[in-house]
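When a ligand or atom number is given, it counts from 1 through the structure's own listing order. All of these numbers come straight from a predicted model, not from anything done at the bench.
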Amino acid sequence: MASVPSWVPIALTAFLAACIGIFLHRLWYVVRLLRTGKAREKRWDHFSERIDALIVLGFLQRKVYRSLPVGVLHSFIFWAFVLLGTSVVEITAQGYARGWQLPVPLALNGPLYFAQELVAVLAIVGIGMALYRRYVVRPKKLMHEGFLDATIVLMFILGIVTTILLYNAADIGLRGSGASPEWKPFSSALLSVSIARLDPALWWWVFWAAHVALLFSFLAYILYSKHSHILFALFNAFWVNMEPKGAIKPIDLEKTETFGVHRVEQLSLRQLLDGFACTECGRCTDNCPANATGKPLDPMRIITNMRDTLLEQGPAILAGKTDGLPDMFQTVHSEEGIWACTTCYACVYECPVMIEHVPKIIDMRRHMVLTEGKMPPEAMETMRKIEQNYNPWGIGWDQRGKWAEGMGIPTLAEDGHDAEYLFWVGCAGSFDERNRKVTQAFARLLQKAGVKFAVLGAEEKCTGDPARRIGNEYLFQMLAKMNVETLDKHGVKKIVTACPHCFNTLKNEYPQFGGNYEVIHHSQLLAELIDGGRLKPANPVAKTVTHHDSCYLGRYNDIYDEPRHVLEVLPQIKTVEMGRCRDKGFCCGAGGARMWMEETVGEKVNHRRLSHIMETGADIVATACPYCLIMMDDAAKTKNVDAQLERADIAELLERTL
Ligand code: SF4
Ligand code: SF4
């Protein structure tokens with residue numbers, strides 16, 4: 001075999017040094033920018049679970065497969081990169097020592113060559129599919145300004161894997177059986193059909209040089225492109241959120257001087273990292289109910305604009321000269337868009353690289369509310385009602401237990417000392433006329449099943465869910481502390497509630513204030529009572545029912561089966577699912593305190609959800625959340641399907657059969 005001309009190692013070394021230098025220079029700059037993040041987060045705990053997350057979410061990319069075709073396409077390209085890493089080393093080394101091979105045991109050499117060939121071909125297939133998607137299918141979520149960058153990256157990868165096969169073909173032409181052609185079927189085929197007539201010695205050098213040039217140019221380019229996610233998504237997987245999904249990070253109100261964020265460097269390192277991990281796949285925006293109904297909210301933009309702002313303002317941030325720079329409401333997202341979020345969690349849930357949009361939205365709301373005193377006027381009015389009467393309806397706080405009059409339900413303060421469960425009724429269940437009926441139905445079911453329970457009556461206060469999600473952490477913490485004090489005073493251990501928002505706050509957020517209780521949702525208790533034979537559905541329902549998943553029960557707390565179980569045991573019932581159900585469920589539009597804000601832009605979220613329900617042809621939409629019930633009720637009345645579609649909580653349907 002010919003030796004390497006003396007100028008080749010010099011030129012190769014200079015080229016590699018330049019490309020690696022550009023890569024490291026950019027990496028160092030990005031790391032310095034990430035380190036400007038001022039907020040602190042605990043992301044080194046649960047170390048062994050984090051290693052698991054790195055493997056499952058980072059390397060095995062479990063979340064990418066939520067969209068199966070895209071997952072398969074992506075896996076072809078990803079695994080090609082991993083496996084071709086071995087061939088890349090060997091090929092690059094030829095510029096220093098012709099014929100050098102990786103010190104792989106002889107028996108593994110052949111299978112390794114074959115695997116490299118196979119993944120190279122699969123990668124070409126994957127790139128073909130990706131280009132078809134972008135240029136022929138053209139899904140809206142991919143039609144953004146990152147389109148060109150994505151195409152450049154795909155062409156780089158295509159060039160890299162193609163030149164491997166061409167290089168192998170020339171190598172076989174040059175070395176014959178010494179190049180193990182029996183393990184390189186695709187390269188052998190290429191040799192026979194295309195380059196057999198060419199001079200292999202010349203083409204060996206051409207393809208070698210092309211491969212090395214493409215590979216290291218790509219390395220130099222990668223951190224300037226959206227493909228920085230190849231590196232940063234792994235860190236995102238390791239530093240994945242290990243707290244309960246539904247728990248918003250508290251603010252230490254005593255020690256904090258600025259509340260919320262309006263400048264990118266006020267975010268945490270992990271939050272800033274999201275920008276560089278984003279693949280710009282658009283899944284978050286594609287699943288956002290606010291975006292789908294025409295609101296000016298685009299979760300992907302929050303992430304990519306945050307990254308671009310950090311890069312643009314980076315020199316000033318690093319120099320500590322940020323006075324006068326535009327803030328996040330000018331460069332990252334509009335205030336209007338931030339208010340449009342229902343905190344449904346679909347964006348976070350769908351993101352393949354564990355990006356956390358909701359905490360950033362809440363942090364921006366906190367800045368508007370706590371630092372600037374800004375919020376939509378109707379939300380301001382709701383906060384006032386909560387402050388005065390401890391409920392967003394503004395009805396006198398002493399009326400909270402009125403729904404229970406004449407039902408013989410004890411209160412913990414008077415005669416409920418032997419209760420097994422505290423029934424946490426919540427504001428909707430106590431004050432909203434429609435939901436009072438649900439509350440009464442559930443209480444009657446508990447009585448029928450012989451469950452010992454009591455309520456707090458007028459001692460119960462709003463959990464603070466709407467206040468926290470609107471950004472009013474002061475009010476939330478005040479309510480949380482008062483409620484924890486009341487619950488602890490009565491020695492409460494077990495709580496059941498029919499409201500997923502109360503459920504989420506009591507279960508996942510009150511531990512932040514020392515309130516640790518066993519909290520279950522009414523769907524879970526009802527399913528248990530049915531299975532235990534304490535509630536025996538007998539009368540037929542004989543209707544078609546579809547279940548609407550509450551975001552705070554489903555995506556935030558993984559409860560999908562129990563409400564369905566309660567429905568499925570009802571005699572003669574027929575259940576049908578909507579296209580968007582379970583963890584793909586579409587929000588009703590009420591979460592994130594949107595229930596108390598006007599919805600004046602675009603289609604109403606609950607109207608869109610109603611259209612999903614009507615497509616099923618169901619007679620009844622079943623809910624397991626008072627907010628969802630209110631929203632579905634409102635949509636059915638506004639859209640004139642009041643008589644056609646019944647709206648009912650699962651407890652009401654169950655009671656009907658007893
Ligand atoms: S939480 Fe829901 S509404 Fe808010 S940005 Fe994400 S997907 Fe959109
Ligand atoms: S934030 Fe996640 S889901 Fe949204 S575009 Fe980026 S990678 Fe895709």
Side-chain angles (χ1 to χ4, degrees), residues 57-58 61 63-64 66-67 70-71 74 139-147 149-150 225-230 232-234 236-237 240 245-246 248 271-308 332-334 336-365 469-471 549-552 554-556 580 583-595 597 599 601-602 604-606 608-609:
L57 301 173
Q61 308 180 347
K63 288 187 78 182
V64 178
R66 280 184 62 74
S67 166
V70 178
H74 192 268
K140 188 174 145 246
K141 64 182 173 181
L142 296 182
M143 297 299 119
H144 48 74
E145 66 274 3
F147 190 85
D149 176 42
S225 78
K226 81 181 186 84
H227 260 63
S228 59
H229 80 261
I230 291 176
F232 294 114
L234 295 175
N236 251 27
V240 70
K245 287 178 282 183
I248 289 177
Q271 285 180 309
L272 293 177
L273 185 64
D274 280 347
F276 296 92
C278 178
T279 68
E280 298 184 22
C281 67
R283 288 189 195 187
C284 48
T285 299
D286 204 35
N287 284 280
C288 173
N291 187 278
T293 53
K295 314 294 185 295
L297 171 62
D298 185 336
M300 186 183 87
R301 295 272 173 224
I302 295 178
I303 304 306
T304 54
N305 288 347
M306 175 195 73
R307 176 198 62 208
D308 294 345
V332 173
H333 218 291
S334 67
E336 200 187 357
I338 294 300
W339 286 124
C341 177
T342 68
T343 67
C344 75
Y345 205 66
C347 47
V348 185
Y349 206 92
E350 293 298 332
C351 178
V353 290
M354 289 61 69
I355 282 170
E356 297 162 13
H357 312 70
V358 176
K360 294 175 191 63
I361 291 170
I362 297 292
D363 275 342
M364 288 174 80
R365 284 186 175 185
R469 276 143 193 88
I470 219 161
D549 289 281
S550 142
C551 306
Y552 276 76
R555 269 190 295 271
Y556 277 113
R580 289 195 62 170
D583 60 2
K584 289 249 177 215
F586 192 91
C587 181
C588 71
R594 287 291 324 164
M595 172 99 107
M597 290 185 230
E599 194 177 348
V601 179
K604 295 205 182 229
V605 174
N606 58 341
R608 177 67 64 90
R609 189 49 166 167

*Asks:* Donor-acceptor pair, distance only, cut-off 3.5 Å: does the side chain of Lys226 make one with the backbone of Asp149?
*Replies:*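 Not at all, since once roles are kept as given, no pair shorter than 3.5 Å links the two residues.
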*Asks:* Run through the protein N/O/S atoms less than 2.8 Å from atom 4 (Fe) of ligand 1 and write them out by chain and number.
*Replies:*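 Under 2.8 Å from atom 4 (Fe) of ligand 1 - ignoring waters, which are not counted - the protein N, O or S atoms are Cys341 SG.
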*Asks:* Before you tell me yes or no, could you show the steps for Lys584 and Glu350 under salt bridge (Lys or Arg N to Asp or Glu O under 4.0 Å), namely the whole-Å CA-CA distance, both residues' side-chain angles and the distance that decides it to 0.1 Å?
*Replies:* CA-CA 9 Å; Lys584 289 249 177 215; Glu350 293 298 332; 3.3 Å; yes
*Asks:* For a side chain to side chain contact (heavy atoms under 4.5 Å, CB included) with Ile338, tell me which candidate from Val332, Asp363, Ile302 qualifies.
*Replies:*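 Of all the options given, the one that passes is Ile302.
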*Asks:* Checking the side chain of Lys63 only, and the main-chain atoms of Leu57 only, is there a donor and an acceptor separated by less than 3.5 Å?
*Replies:*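 Not a single qualifying donor-acceptor pair exists.
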*Asks:* With a 4.5 Å cut-off on side-chain heavy atoms, are Cys587 and Arg594 touching?
*Replies:*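 The answer is no, as the side chains (C-beta and beyond) never meet within the 4.5 Å cut-off.
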*Asks:* If you take all heavy atoms of Asn291 and Leu297, which pair is closest and at what distance?
*Replies:*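 Heavy-atom minimum between the residues: ND2-O, 2.8 Å.
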*Asks:* If you measure only the distance, is there a donor-acceptor pair under 3.5 Å linking the side chains of Thr343 and Tyr552?
*Replies:*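 Per modelled atom types, Thr343 and Tyr552 side chains form a pair under 3.5 Å.
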*Asks:* Taking all non-hydrogen atoms of both residues into account, name the closest pair between His74 and Gln61 and its distance.
*Replies:*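 Result for this residue pair: ND1-OE1, 3.0 Å.
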*Asks:* Short question: side chain of Arg283, backbone of Val64 - any donor-acceptor pair under 3.5 Å?
*Replies:*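 A pair under 3.5 Å: yes.
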*Asks:* Work out how many protein N, O or S atoms lie closer to atom 8 (Fe) of ligand 2 than 2.8 Å.
*Replies:*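 Atoms of protein N, O or S type lying less than 2.8 Å from atom 8 (Fe) of ligand 2 total 1.
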